[in-house]
Protein chains: 2
Amino acid sequence: MRISAKADYAVRAALELAAAQDDGPIKTEAISKAQGVPHKFLESILNDMRRGGLVISQRGGQGGYRLAAPAESITVADVIRVVDGPLVSVRGERPPELTYTGPAESLLPLWIAVRANVRAILSEVTLADVAAADLPEHIHRLTELPEAWTNP
Amino acid sequence: MRISAKADYAVRAALELAAAQDDGPIKTEAISKAQGVPHKFLESILNDMRRGGLVISQRGGQGGYRLAAPAESITVADVIRVVDGPLVSVRGERPPELTYTGPAESLLPLWIAVRANVRAILSEVTLADVAAADLPEHIHRLTELPEAWTNP
DNA sequence: AGTATCCCTATCGTCTTGATAGAGAATGTG
DNA sequence: CACATTCTCTATCAAGACGATAGGGATACT
């Protein structure tokens with residue numbers, strides 16, 4: 001299960017915008033430096049977010065980007081979907097599009113369960129939550145078990 | 001969050017082997033036909049699983065592959081890790097290897113929570129569970145909400 | 001007018017997925 | 001023993017996605 005560089009960069013850029021919500025537009029270059037993301041790559045990501053209606057752009061001096069809605073109303077899942085398509089995909093398809101036969105028949109409900117558990121995190125957390133370092137309680141609890149931080 | 005074709009195919013092949021655990025070795029060709037997986041691609045996947053100690057191969061007539069351990073003791077996560085590396089990765093790295101700064105600092109605990117929730121499914125379900133279409137109760141419950149089956 | 005910034009297109013290298021081919025090693029059967 | 005079968009390994013090829021870089025065009029502020 002891989003989260004793409006594009007998704008990671010997009011969320012980080014969105015968080016920078018969330019943190020500066022009331023300070024006017026932020027330049028690509030400023031986000032790129034703050035988060036260590038390749039400048040031109042970030043530019044195309046912000047463009048995707050603009051086309052997806054997540055951010056608003058402003059050209060010219062004092063231009064840049066700002067969120068199109070309050071950070072409290074945008075979830076991390078919203079950002080990932082705009083730049084990467086479906087939140088969870090198997091072989092490039094969404095789980096409901098898959099068909100399995102024989103002993104693999106119950107693989108479909110398994111992927112559905114995985115997706116439900118991923119949604120339970122990413123669709124419940126907003127940009128404001130992350131930017132304020134204040135995750136919802138039931139999610140914060142998942143990070144408190146030491147084994148959550150270790151690789152198997 | 002993408003599950004690769006390789007991982008999907010590997011689990012399906014492992015399920016075919018689980019279902020025929022006591023019938024002697026199964027040929028690549030038989031699995032390929034039963035699951036509709038490209039023959040030569042499957043060959044390299046089974047090879048990865050052999051090198052990972054998950055299956056045992058047998059050459060010659062009446063040869064093929066069989067599981068190296070009881071299906072009850074192999075989880076879906078075991079299979080995915082052998083063919084694809086870490087269960088969850090961000091930009092190709094495991095979450096604990098990542099460092100975030102500024103308003104993105106709480107992104108790390110968020111990815112950790114996602115990984116914990118994915119593990120809670122894939123490390124808890126064995127090949128025997130899926131092959132018998134009998135998922136553990138707490139996982140089966142996730143698939144019973146109708147909204148788990150719909151795309152947003 | 002001039003400068004800053006977004007916007008668009010093109011290009012490049014790598015990885016993934018998938019197909020195909022061929023030679024070598026091991027095993028069971030006649 | 002000879003042979004057919006099947007895994008094993010290597011190699012190549014091609015389309016597509018992913019990650020990243022470069023240059024020039026359009027727009028808006030000063």
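Within every chain, numbering begins at 1; the chains are lettered A, B, ... in the order of the sequence lines, protein sequences first and strands thereafter. Below, all heavy atoms of this structure are taken into account, side chains as well, without hydrogens, waters or symmetry copies.
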Identify the pairs formed between an N or O of the protein and an N or O of nucleotides 1-3 of chain D at a distance under 3.5 Å, and give each distance.
none

What N/O pairs connect the protein and nucleotides 9-11 of chain C at under 3.5 Å? Give each pair on its own line.
none

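Here side chain to side chain donor-acceptor pair (under 3.5 Å) pairs that include residues 96-109 of chain B, with residues two or more places apart or in two chains, are Asp8(A)-Tyr100(B), Tyr100(B)-Trp111(B). Counting only residues at least two apart or on different chains, no ring pair (Phe, Tyr, Trp, His ring centres under 6.0 Å) pair has a member in residues 59-88 of chain A. Residue pairs meeting the ring pair (Phe, Tyr, Trp, His ring centres under 6.0 Å) criterion with at least one member in residues 113-152 of chain B: none, sequence neighbours excluded. The ring pair (Phe, Tyr, Trp, His ring centres under 6.0 Å) pairs that include a residue from residues 115-134 of chain A number zero, where partners must be two or more places apart or lie in different chains. For residues 14-51 of chain A, the ring pair (Phe, Tyr, Trp, His ring centres under 6.0 Å) pairs, not counting sequence neighbours, are Tyr9(A)-Phe41(A).
For Arg94(A), the side chain to side chain donor-acceptor pair (under 3.5 Å) test picks out no residue, with sequence neighbours left out. Partners of Lys33(B) according to the side chain to side chain donor-acceptor pair (under 3.5 Å) rule, which considers only residues two or more places apart in sequence or in another chain, are Glu29(B).
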| What do the steps show when you test Asp23(B) against Arg66(B) for salt bridge (charged side-chain N to carboxylate O under 4.0 Å, His left out), and what is the final call? | CA-CA 9 Å; Asp23(B) 305 354; Arg66(B) 61 192 158 77; over 6 Å; no
| field | Steps toward side-chain contact (heavy atoms from CB on, under 4.5 Å) verdict (Leu17(B), Ile31(B)) | value | CA-CA 8 Å; Leu17(B) 297 182; Ile31(B) 301 174; 3.8 Å; yes
| message | For Glu16(A) and Arg12(A): C-alpha separation, side-chain torsions, deciding distance, then whether salt bridge (charged side-chain N to carboxylate O under 4.0 Å, His left out) applies. | response | CA-CA 6 Å; Glu16(A) 287 284 340; Arg12(A) 286 157 70 185; over 6 Å; no
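Within 6.0 Å of atom CD in Gln62(B), 12 or fewer heavy atoms from other residues, nucleotides or ligands are found, so the atom counts as exposed in its surroundings.
Residues of residues 27-58 of chain A that place a heavy atom closer than 4.0 Å to DNA chain D, in numerical order, are Pro38(A), Lys40(A), Phe41(A), Gln58(A). Applying a 4.0 Å cut-off to non-hydrogen atoms, none of the residues of residues 2-11 of chain B approaches DNA chain D. Contacts between residues 78-104 of chain A and DNA chain D, counted as heavy-atom distances below 4.0 Å, involve no residue at all.
We find that CD of Gln62(B) is positioned 7 Å from P of dT29(C), with the value rounded to whole Å. Remark: C1' of dC6(C) and CZ of Arg59(A) are 6 Å apart, rounded to the nearest angstrom. In this structure, Tyr65(A) places its OH atom 18 Å from P of dA4(C), rounding to the nearest Å.
Atom CD1 of Ile3(A) and atom CG of Leu107(B) lie 8.5 Å apart (nearest 0.5 Å).
The pair Lys6(B)-Asp48(B) meets the salt-bridge criterion, with a side-chain N (NZ, NE, NH1 or NH2) lying under 4.0 Å from an Asp/Glu carboxylate O.
A side-chain donor-acceptor contact under 3.5 Å links Asn151(A) and Arg115(B). Counting only N and O atoms by type, the side chains of Ser44(B) and Asn47(B) include no donor and acceptor under 3.5 Å apart.
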